[in-house]
Trainee: 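Quick one: the structure is below, questions incoming.
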There are 2 protein chains.
Amino acid sequence: MSLPHAILTALLEKPSSGLELARRFDKSIGYFWSATHQQIYRELGKLEQAGLIRVLPAAAPARGQKKEYEVLPAGRAALTSWVAGADDPRPVRDPLLLRLRAAAVVGTAGLAEELQRHLDLHRCQLAEYRAIEERDFPPERDSEEDRLRHAVLRGGIGLETFWTQWLTEALTAVGEQAAGERGSGRG
Amino acid sequence: MSLPHAILTALLEKPSSGLELARRFDKSIGYFWSATHQQIYRELGKLEQAGLIRVLPAAAPARGQKKEYEVLPAGRAALTSWVAGADDPRPVRDPLLLRLRAAAVVGTAGLAEELQRHLDLHRCQLAEYRAIEERDFPPERDSEEDRLRHAVLRGGIGLETFWTQWLTEALTAVGEQAAGERGSGRG
DNA sequence: TGACACATGTAATCAGTTACATGATTGC
DNA sequence: GCAATCATGTAACTGATTACATGTGTCA
């Protein structure tokens, strides 16, 4: 239920074609809601049929030609009511936590390398977010309209910070575990 | 690719029937990999056909009768190699962050209540995790085999801690934003 | 015998991923 | 004309969700 609303948000910020949306989903909005161009094209079709968006008259609607979409009043209304609605947080579903749990049963062979790899990836992402924060939200200058966008970015920063801390801790635990397995001949 | 491994892990800890697994997925393993009984039954069928698990001979395999499964050596091997394998972290995909971003475009009407509701839910979950930690992992007593399980639980605690902090912050931002919208007649 | 909890399953649908197909534009 | 790139789209598949169907055991 989120992808159509992600697209409406992106189109309100700037009318775009499908591929332009796909590229913007690789940055900005994609940081907390990723989507491929196939998903986006399918969803644009549905949104148009539902009367929430329309093709800009200027754009030629032929195959291979750019087709720009804009949000109609019904689309803005739908987004507004989605923002106000209720939607329970999804239960966590993280393969890495699952793998650590599995490792407690079958042993930690090969796991440390993978944790280290994830740690590097999360550090990298965190650095990227911090760079964006410095660039787009200089201290004491948040305008009213930027305050929410900044809060969203801080969400990303908080999550990456959590993962780097947790992975550092987990690496220690796995290291000690592996030592124990070697010591008792379980490795 | 994670559900079958979640099931293998659960079955290694204790041979079980489908419904028993479903119940255990409501606690413990379900805290970081949820699944419904329909998913579990389907997956048990696939795992049995793949020769990774088998029905315990004791159990009567009739409809309406309990069917207990246990992991075969091939299943343990599959799980071991999955633990050692590589699997990139999925990009974040969080509807709540998306809603906050949408609110930056169409206004925050109704959003504060929803953030407060989520905050309450996360606080509740955090309290549950802390209770489990106190009960199952008393200080300075972690055995070697418990160290990994404890790390997993700390993952859950860290995530819930992050959300409660972030939501508290976000509520402030939304409050100020709403005040601004009222002041300038945008609400 | 009727209600209810336990237990296993099927069917339909939806969301997301992967692989591929096709047309248009530009530069050589 | 050909290759490379931009752009739109189709098809097949996998994973997850929702709703429903069916059988068994127990107890009032």
Side-chain angles (χ1 to χ4, degrees), chain A residues 1-8 10-11 15-26 29-30 32-50 53-56 58-69 82 87-95 98, chain B residues 1-8 10-11 15-26 29-30 32-50 53-56 58-69 82 87-95 98:
Chain A
M1 287 293 292
S2 291
L3 179 57
H5 301 105
I7 291 178
L8 287 173
L11 285 181
S16 313
S17 69
L19 204 60
E20 279 164 4
L21 280 176
R23 276 201 274 263
R24 285 167 64 194
F25 270 70
D26 281 342
I29 287 193
F32 47 89
W33 199 272
S34 61
T36 61
H37 79 273
Q38 291 87 343
Q39 268 179 288
I40 289 169
Y41 282 122
R42 222 185 332 169
E43 206 61 45
L44 282 172
K46 284 188 206 167
L47 286 170
E48 190 184 6
Q49 225 174 352
I53 62 175
R54 67 162 184 177
V55 178
L56 277 176
R63 193 178 176 116
Q65 296 284 317
K66 209 196 271 196
K67 248 166 86 179
E68 295 224 304
Y69 291 90
W82 179 70
D87 190 10
D88 281 350
R90 303 253 143 197
V92 176
R93 220 185 229 165
D94 190 284
L98 192 57
Chain B
M1 287 294 292
S2 291
L3 179 57
H5 302 104
I7 292 177
L8 287 172
L11 285 182
S16 313
S17 69
L19 205 60
E20 278 165 5
L21 281 176
R23 275 200 275 263
R24 285 166 64 194
F25 270 70
D26 281 341
I29 287 192
F32 46 90
W33 199 274
S34 62
T36 62
H37 78 273
Q38 291 88 341
Q39 269 180 286
I40 290 170
Y41 282 123
R42 221 184 335 166
E43 205 61 45
L44 283 171
K46 285 190 206 165
L47 286 170
E48 190 184 6
Q49 225 174 352
I53 62 174
R54 66 162 183 175
V55 178
L56 277 176
R63 192 179 176 115
Q65 296 284 316
K66 207 195 274 196
K67 247 165 88 178
E68 295 224 303
Y69 291 90
W82 179 71
D87 190 9
D88 281 351
R90 302 255 143 197
V92 175
R93 223 189 227 158
D94 190 283
L98 193 57

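A note on names: the letters A, B, ... follow the listed sequences, proteins ahead of strands, and every chain is numbered from 1.
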Trainee: For B/H37 versus B/A22, what's the shortest heavy-atom pair and its separation?
Mentor: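 For B/H37 and B/A22, the tightest heavy-atom pair comes out as CB-CB, 3.9 Å.
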Trainee: Identify which one of B/P15, B/S17, B/S16 satisfies the side chain to side chain contact (heavy atoms under 4.5 Å, CB included) criterion when paired with B/L56.
Mentor: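 Among B/P15, B/S17, B/S16, the one meeting side chain to side chain contact (heavy atoms under 4.5 Å, CB included) with B/L56 is B/P15.
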Trainee: What's the OH-C1' distance between A/Y69 and D/dG9, to the nearest Å?
Mentor: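 Those two atoms, OH and C1', are 10 Å apart.
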Trainee: Reckon B/S17 has a side-chain N or O less than 4.0 Å from the OP1 or OP2 of C/dT8?
Mentor: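 For C/dT8, OP1/OP2 do have a side-chain N/O of B/S17 under 4.0 Å.
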Trainee: Applying side-chain contact (heavy atoms from CB on, under 4.5 Å), name anything that partners A/R90, two or more places apart in sequence or on another chain.
Mentor: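 Scan of A/R90 (side-chain contact (heavy atoms from CB on, under 4.5 Å), adjacent residues dropped) gives none.
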Trainee: Which atom pair, heavy atoms only, marks the closest approach of B/Y41 to B/L19?
Mentor: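 Residues B/Y41 and B/L19, closest heavy atoms: OH-N, 3.6 Å.
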Trainee: If I take atom CD1 in residue A/I40 and atom C1' in nucleotide C/dA15, what distance separates them, rounded to the nearest angstrom?
Mentor: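 Going from A/I40 (CD1) to C/dA15 (C1'), I get 14 Å.
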Trainee: Sequence neighbours excluded, which residues qualify as side-chain contact (heavy atoms from CB on, under 4.5 Å) partners of A/Q38?
Mentor: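 Expected list: A/T36.
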Trainee: Starting at NE2 of A/H37 and ending at P of D/dG9, how long is that distance when rounded to a whole Å?
Mentor: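 The answer, rounded to whole Å, is 10 Å.
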Trainee: Looking only at side-chain N and O atoms, does A/Y41 come under 4.0 Å of OP1 or OP2 in D/dT8?
Mentor: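 For D/dT8, OP1/OP2 do have a side-chain N/O of A/Y41 under 4.0 Å.
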Trainee: Is A/K67 near enough to D/dG9 that one of its side-chain N or O atoms lies under 4.0 angstrom from OP1 or OP2?
Mentor: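 A/K67 to D/dG9 OP1/OP2: side-chain N or O found under 4.0 Å.
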Trainee: Are any side-chain N or O atoms of A/R24 and backbone N or O atoms of A/I29, one a donor and one an acceptor, separated by less than 3.5 Å?
Mentor: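 Side chain of A/R24 to backbone of A/I29, a donor-acceptor pair under 3.5 Å: no, none is there.
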Trainee: Take nucleotides 11-16 of chain D nucleotide by nucleotide from the 5' end and write B, S or -, depending on whether a protein heavy atom sits under 4.0 Å from the base, only from the sugar-phosphate, or from neither.
Mentor: -----B
Trainee: Both A/S34 and B/E20 contact DNA chain C. Which one's nearest nucleotide lies toward the 5' end?
Mentor: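 The residue mapped nearer the 5' terminus is B/E20.
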Trainee: Just the rounded figure in Å: distance from C1' of C/dT8 to CD of B/E68.
Mentor: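 In whole Å, C/dT8 C1' and B/E68 CD are 14 Å from each other.
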